[in-house]
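In what follows, every heavy atom counts, from backbone to side chain, and hydrogens, waters and symmetry copies are set aside. Counting convention: from 1, in listed order, for ligands and their atoms alike.
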Amino acid sequence: MDLVLGVALWASPPCVKFPGLVVAALARRRLGAARRRRDGRAASSAASSADDGVGVDVTWREVSMTVRNGRTGMTRRVLDACSGTARAGRLVAIMGPSGAGKSSLLNALAGQVPESARVMLTGVLRANGADAGDGSGFRKAYVQQEDALYSMLTVRETLETAAKLGGSKDVKRTTETLLNDLGLAACADTRVGDAKTRGVSGGEKKRLALGVQLVGAPSVIFADEPTSGLDSFQAEKVMKTLSKLAKEHGKTVVCSIHQPRSSIVDLFDDLYLLADGRCAYFGPMSSARDWFENSADVTIPNDVNVAEYLIDIVSIDATSAETTAETSKRIDRIVKAMASNPPALAEDDVSKGLSTASDALALTGKRVGFWGQFPLLLKRSWRQVTRDKATNKVRLLTSLNSAMVFGSIFWKMKLTQTAIQDRMGLLQVSAINAAMSALMKTLTSFTKEKVIVNRERASKAYGVLPYFTSKLVAELPVGAFFPLAFGACVYPMAGLHPTLGHFARFCTILTVESFSSSALGLAISSIAPSTEAAVAMGPAVMVLFIVFGGYYVNQDNVPIYFKWLNKCSLIKWAFQGLCVNEFQGLKFETKRPFDQKTGEDVLERLSFQDATPLSSLRQQGNILSFLYLLTLYLLDTNAPKFAVMQPPPV
Ligand SMILES: Nc1ncnc2c1ncn2[C@@H]1O[C@H](COP(=O)(O)OP(=O)(O)OP(=O)(O)O)[C@@H](O)[C@H]1O
Ligand SMILES: [Mg+2]
């Protein structure tokens, strides 16, 4: 079947072939995923019974993680046989020096270690005694170090959207409960904000990121450095929120933390101290001082912050060979003492006693489907695009500015022989300008948005299809506005073909080209690992399209091995359409016998004699649909994948 379909598509014309191949690949993948889901459903439903809404104890044994260096081939042990338990109603703080493995351990427990051939994760993870090594078995929230939120939505809108997508039973109540519980009621109607627009504070953003995760009614909350980048007041507020979620709602809270102040240390129930990937202490925070003094021969002065002092104790001092050897020996001694004589765990006072299923956070049990997700995501994208006044203002100003500059340079062109070149020049720079501004805007915005989408998709909030289609629809009017504004300004200034029909076609060609360019930006951003990489890749591709844009190299002279590039160049199709639209029907003044008399002569010299504005638009439409489908495919295949914990070697 695959073979027949493949041959049929291969033999079809390009406008069917490329989109068809992408759709077929996407459909094939979807079917495979559905089959895998069906096969795995039985297993995961058995595991999910571990989360019965009355508190989840997460236990890990012998968790190790090794990372192979791709260049040297050397393997490094990042986590070394770490064991411990996080119990319901308690807040466990993972602490240690920088590079000790805090984030790695947290990610391993949360099932968030990115899948890689170089990373090996082994160990046993259990939730209330049931195997949870494949990441299933309990409802969890994972709060990343970097806050990834839509900047133009208010705090309330952000929580409402998350609640609706998450399948909340009572969205209004869930939102209000979260606003109050997280101390966000005062800023509920403030926009989240970003570098361009002032919004909520860093601490409020962090609590909002936590709130977004809480709509899924998780039993276990993992937070990586929830206080990083916050001042001590905000840091304490965030930690108090996490502590409250443990104490009052029976959640199991595990967070990694760096240099907490004393008032924050007082909120920790248990401490998991890491030293170079090994467990140097795991037990109640309140027992740490006694245990270190009695079992590890470490005296902690009375007037110090215990947490900070312990981090110093398990840090390697690399100032000299002697200090390195001495501190390594001390760490070995502490790790050995921990393995042979661990502190007693606190009485199991809260675990299993408190329901984690707060009824305000109750879920309907089923998530909304495509038609439920589409309007929600459309509304969110629409708000994000239309409310971003700062970006839109800059885009409008640059469009008008370019139009003014081009319009002044090519002011009221006449029908002389020299004006032929001017017309071609103006049409080429207009095509380049429309393409470049759409490309750069997409490259910078979509790489950031992708982080949010990846996170939401990892928690299965929605599918790639409703997200992508809603985004395209929401961005359509705003995306079309800027090339139209450019066209409306430059066209009369330059004195281009003066009929309404020609003007309308000029604007349409530029608008479709700007969408194609934006689609190219989406495809590049889907594979680029960062904004910087995308911004480097995008213009490099566009320069090739400009070279084959029909102005610098005549399409009849393009070497055979570059013909395909000539066909892919969205600049070329736009330039061709603009030229045909402009030159057809024009008559030029002639002085010499070899002068070009008509616009048709000009088009023949450019090898555009057989083209029509419609055929150019059709080709642009093919490129556009191919790039949209490619982006859809790339977003689907490049969804973040996480390593599954393998059983420890026997
Ligand atoms: N996927 C990976 N590839 C290469 N090295 C890795 C990987 N994951 C972790 N490491 C290495 O493992 C060590 C521990 O990293 P980790 O991020 O867990 O430290 P950390 O204790 O969270 O540090 P920090 O306090 O600075 O955040 C680091 O040296 C890091 O470079
Ligand atoms: Mg870290």
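- In this pair, Tyr467 and Phe446 present their aromatic rings parallel. The plane angle is below 30°, not in the 30 to 60° band.
- At a cut-off of 2.8 Å, measuring from the Mg ion (ligand 2), the protein N, O or S atoms that fall short of it are Ser103 OG, waters left aside.
- Of the charged side-chain nitrogens involved, at least one lies within less than 4.0 Å of a carboxylate oxygen, so that Arg278 and Asp332 count as a salt-bridged pair.
- A heavy-atom cutoff of 4.0 Å around ligand 1 is satisfied by the protein residues Met65, Val67, Arg76, Val78, Pro97, Ser98, Gly99, Ala100, Gly101, Lys102, Ser103, Ser104, Val119, Glu225, His258.
- Salt bridge status for Arg457 with Asp636: present, with a side-chain N to carboxylate O gap under 4.0 Å.
- Remark: Leu632 CG to Ser526 OG distance equals 9.5 Å, nearest 0.5 Å.
- Evaluated for a side chain to side chain donor-acceptor pair (under 3.5 Å) with Arg90, the options Asp270, Asp269, Asp57 yield exactly one hit, Asp270.
- For the side-chain contact (heavy atoms from CB on, under 4.5 Å) with Leu271, the lone residue among Val306, Val92, Leu310 that qualifies is Leu310.
- Between Lys240 and Glu236 there is a salt bridge, since a side-chain N of the basic residue sits under 4.0 Å from a carboxylate O of the acidic one.
- Put simply, the side chain of Lys206 gets close to the backbone of Gln145: a donor and an acceptor are under 3.5 Å apart.
- Under the 3.5 Å distance criterion, with hydrogens and angles disregarded, no donor-acceptor pair is assigned to the side chains of Thr154 and Arg156.
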